[in-house]
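Below: one structure, written as structure tokens.
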Amino acid sequence: MIILVVGASGATGQQLVEQLLIQGHTVKAIVRSPESLPESWKNNTQLQIISASILDLSNKEMSDHVSDCDAIASCLGHSMNWKGIYGEPRKLVTDATHKLCNAIEANKPESPIKYVLMNTTGNRNRDLSEPISFAQKCVIGLLRLLLPPQVDNEKAADYLRTQVGQNNQFIEWAAVRPDGLINENQVTNYEIHASPTRSAIFNAGKTSRINVGHFMANIISDDDLWNTWKGQMPVIYNKSS
Ligand SMILES: NC(=O)c1ccc[n+]([C@@H]2O[C@H](COP(=O)([O-])OP(=O)(O)OC[C@H]3O[C@@H](n4cnc5c(N)ncnc54)[C@H](OP(=O)(O)O)[C@@H]3O)[C@@H](O)[C@H]2O)c1
């Protein structure tokens with residue numbers, strides 16, 4: 001398959017690209033600073049680096065980039081500094097999702113393109129009943145007021161859920177929700193649930209970035225897994241957490 005990855009330079013994005021390459025796919029990665037990418041990527045013929053800032057691409061450029069892709073995966077996230085959290089673009093993840101989905105639709109592909117969004121357990125799947133405590137509701141409400149990236153993550157998943165929807169002719173989607181991200185060198189056992197089984201605020205579990213990359217690569221590659229999770233927001237925890 002040919003898979004376009006955005007946010008490929010990030011801590012999770014790099015793990016996803018590695019997993020896709022291990023599985024033998026061709027990867028196209030849109031990155032702002034190619035010089036910071038791993039040395040091993042630079043001469044890899046399975047990997048095409050597109051040097052651009054995603055939101056600066058024109059609609060035509062974007063539809064050209066996605067025209068030969070079977071799947072798109074986003075590991076975009078705001079840099080954890082003042083400018084990344086409070087500066088522009090405040091709706092990085094949502095606007096990129098919107099732009100990429102518009103590009104897919106403009107190409108009118110013969111069969112649906114898979115769109116996998118990295119999201120968060122701090123967001124609820126409003127298609128399901130996912131009850132949270134009053135205290136957690138208050139904290140999430142506060143985070144929404146104080147942290148624009150929280151709202152951005154919520155709006156990006158809402159866009160897929162409500163605008164792309166469940167019966168789109170051109171796009172199928174899944175929003176993968178890790179809990180507290182950690183770094184590990186190896187894929188370990190992990191579990192996938194339709195909804196959180198613990199509180200993202202008061203009892204957060206751990207999810208290693210490499211496991212997120214592994215699961216995102218697997219749902220793209222494996223049609224049975226895709227059919228299990230498409231149109232949903234699977235939650236991923238490391239097994240030991
Ligand atoms: N921290 C947690 O515990 C946790 C838990 C669950 C979910 N999440 C979510 O997981 C996502 C990714 O996490 P991560 O740790 O892998 O993130 P990360 O390492 O910070 O990677 C973020 C990626 O987004 C890109 N990016 C940032 N600002 C950009 C901009 N203005 N234009 C274009 N690209 C931009 C970065 O590109 P550059 O390399 O060019 O900066 C990088 O590729 C985030 O959305 C986060 O909210 C986090």
Side-chain angles (χ1 to χ4, degrees), residues 4-19 27-38 41 49-57 61-62 65 72-100 116-125 140 143-144 146-160 174-184 190 192-193 196 198-217 233-238 241:
L4 177 72
V5 180
V6 296
S9 57
T12 313
Q14 289 196 21
Q15 299 290 355
L16 170 62
V17 170
E18 293 288 351
Q19 293 298 320
V27 178
K28 294 166 80 169
I30 301 179
V31 296
R32 295 190 289 183
S33 311
E35 60 285 353
S36 63
L37 296 177
W41 288 13
I49 306 293
I50 299 155
S51 183
S53 185
I54 175 116
L55 297 182
D56 293 342
L57 290 169
E61 287 170 322
M62 192 63 101
H65 288 311
I72 297 175
S74 166
C75 291
L76 286 169
H78 296 252
S79 304
M80 284 297 118
N81 53 38
W82 185 267
K83 188 166 176 283
I85 295 172
Y86 297 105
E88 294 294 335
R90 285 208 167 187
K91 291 198 295 158
L92 167 69
V93 187
T94 309
D95 288 348
T97 301
H98 200 159
K99 206 170 173 123
L100 285 159
V116 184
L117 174 73
M118 181 177 178
N119 205 237
T120 167
T121 49
N123 185 20
R124 282 196 288 162
N125 180 352
I140 298 273
L143 293 179
R144 265 189 212 126
L146 298 176
L147 296 177
Q150 168 69 22
V151 178
D152 187 20
N153 276 333
E154 291 185 3
K155 282 187 184 301
D158 277 354
Y159 175 80
L160 292 174
V176 174
R177 292 184 285 173
D179 221 6
L181 289 171
I182 56 167
N183 291 325
E184 298 277 357
Y190 56 83
I192 305 293
H193 301 271
R198 48 201 303 160
S199 161
I201 301 292
F202 300 114
N203 179 29
K206 291 188 177 116
T207 312
S208 46
R209 288 181 169 89
I210 193 168
N211 286 348
V212 179
H214 187 261
F215 178 63
M216 288 176 78
M233 297 175 58
V235 172
I236 171 170
Y237 300 112
N238 282 5
S241 70

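First listed ligand is number 1; within each ligand, the first listed atom is number 1.
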Q. Taking N or O atoms only and a 3.5 Å limit, does M118 qualify as a polar contact for ligand 1?
A. no
**Q.** Close N or O approach (P89, ligand 1; < 3.5 Å)
**A.** no
Q | Identity and separation of the nearest protein heavy atom to atom 26 (N) of ligand 1 | A | G77 O, 3.6 Å
Q | Residue and atom name of the nearest protein heavy atom (relative to atom 21 (O) of ligand 1), distance in Å to one decimal | A | G10 CA, 3.3 Å
Q.
For R209, which part has a heavy atom under 4.0 Å from ligand 1: side chain, backbone, both, or neither?
A. side chain
Q) Can you tell me if C75 has a non-hydrogen atom under 4.0 Å from ligand 1? A) yes
Q.
Would I140 and Q150 count as a side-chain contact (heavy atoms from CB on, under 4.5 Å) here? Give the steps.
A. CA-CA 8 Å; I140 298 273; Q150 168 69 22; 3.9 Å; yes
(Q) Using a 3.5 Å cut-off on N or O atoms only, is G7 in polar contact with ligand 1? (A) yes
**Q.** Shortest protein contact, atom 20 (O) of ligand 1 (heavy atom only)
**A.** H78 O, 4.4 Å
Q.
Measuring only between side-chain heavy atoms, which start at C-beta, is E154 closer than 4.5 Å to R144?
A. yes
Q: Kindly check if the number of other-residue, nucleotide or ligand heavy atoms within 6.0 Å of NZ (K91) is above 12?
A: no
Q: Tell me which part of L92 gets within contact of ligand 1: side chain, backbone, both or neither, using heavy atoms under 4.0 Å.
A: side chain
**Q.** Close side-chain approach of D179 and V235, heavy atoms under 4.5 Å
**A.** no
Q) Do T120 and ligand 1 have an N or O pair less than 3.5 Å apart? A) no
Q) Do S208 and N211 have side-chain N/O donor and acceptor atoms under 3.5 Å apart? A) yes
Q. F215 pairs by side-chain contact (heavy atoms from CB on, under 4.5 Å) with which of I192, T207, I210?
A. I192
Q. So which protein heavy atom does atom 9 (C) of ligand 1 come closest to, and at what separation?
A. N119 O, 4.1 Å
Q) Does the side chain of L16 reach to within under 4.5 Å of the side chain of M118, using non-hydrogen atoms? A) no
Q) What protein heavy atom sits nearest atom 5 (C) of ligand 1, and how far off is it? A) D179 O, 3.1 Å
Q. Nearest heavy atom to atom 35 (C) of ligand 1: which of Q15, E88, R32 does it belong to?
A. R32
Q | Heavy-atom side-chain contact between M216 and H214 under 4.5 Å | A | no
Q: Using distance alone, determine whether T121 and ligand 1 share an N or O pair under 3.5 Å.
A: no
Q: Please could you name the atoms of ligand 1 that T12 approaches to less than 4.0 Å, counting only its heavy atoms?
A: 14 (P), 16 (O)
Q: For the residue pair E18 and W41, establish whether any side-chain heavy-atom pair is separated by less than 4.5 Å.
A: yes
Q: Can you pull out the closest protein heavy atom to atom 48 (C) of ligand 1? Residue, atom name and distance to 0.1 Å, please.
A: L181 CD1, 3.3 Å
Q: Would you mind reporting whether N153 and N123 have side-chain heavy atoms less than 4.5 Å apart?
A: no
Q | Minimum-distance protein heavy atom relative to atom 19 (O) of ligand 1 | A | A11 N, 2.8 Å
(Q) Students should be able to answer this: which protein heavy-atom is nearest to atom 43 (O) of ligand 1, and at what distance? (A) S9 OG, 2.7 Å
Q: Tell me, with the steps shown, if L37 and V17 meet side-chain contact (heavy atoms from CB on, under 4.5 Å).
A: CA-CA 11 Å; L37 296 177; V17 170; over 6 Å; no
Q: Could you say whether the N/O atoms of N153 and ligand 1 ever approach to under 3.5 Å?
A: yes
Q.
I'd like to check whether L76 has a polar contact with ligand 1, where a contact means an N/O of the residue lying under 3.5 Å from an N/O of the ligand.
A. yes
Q) Under 4.5 Å between any side-chain heavy atoms of H78 and L92, yes or no? A) yes
Q) Which ligand 1 atoms does G180 reach within 4.0 Å, using its non-hydrogen atoms? A) 3 (O)
Q. Are any of the side-chain heavy atoms of R177 and N125 separated by less than 4.5 Å?
A. yes
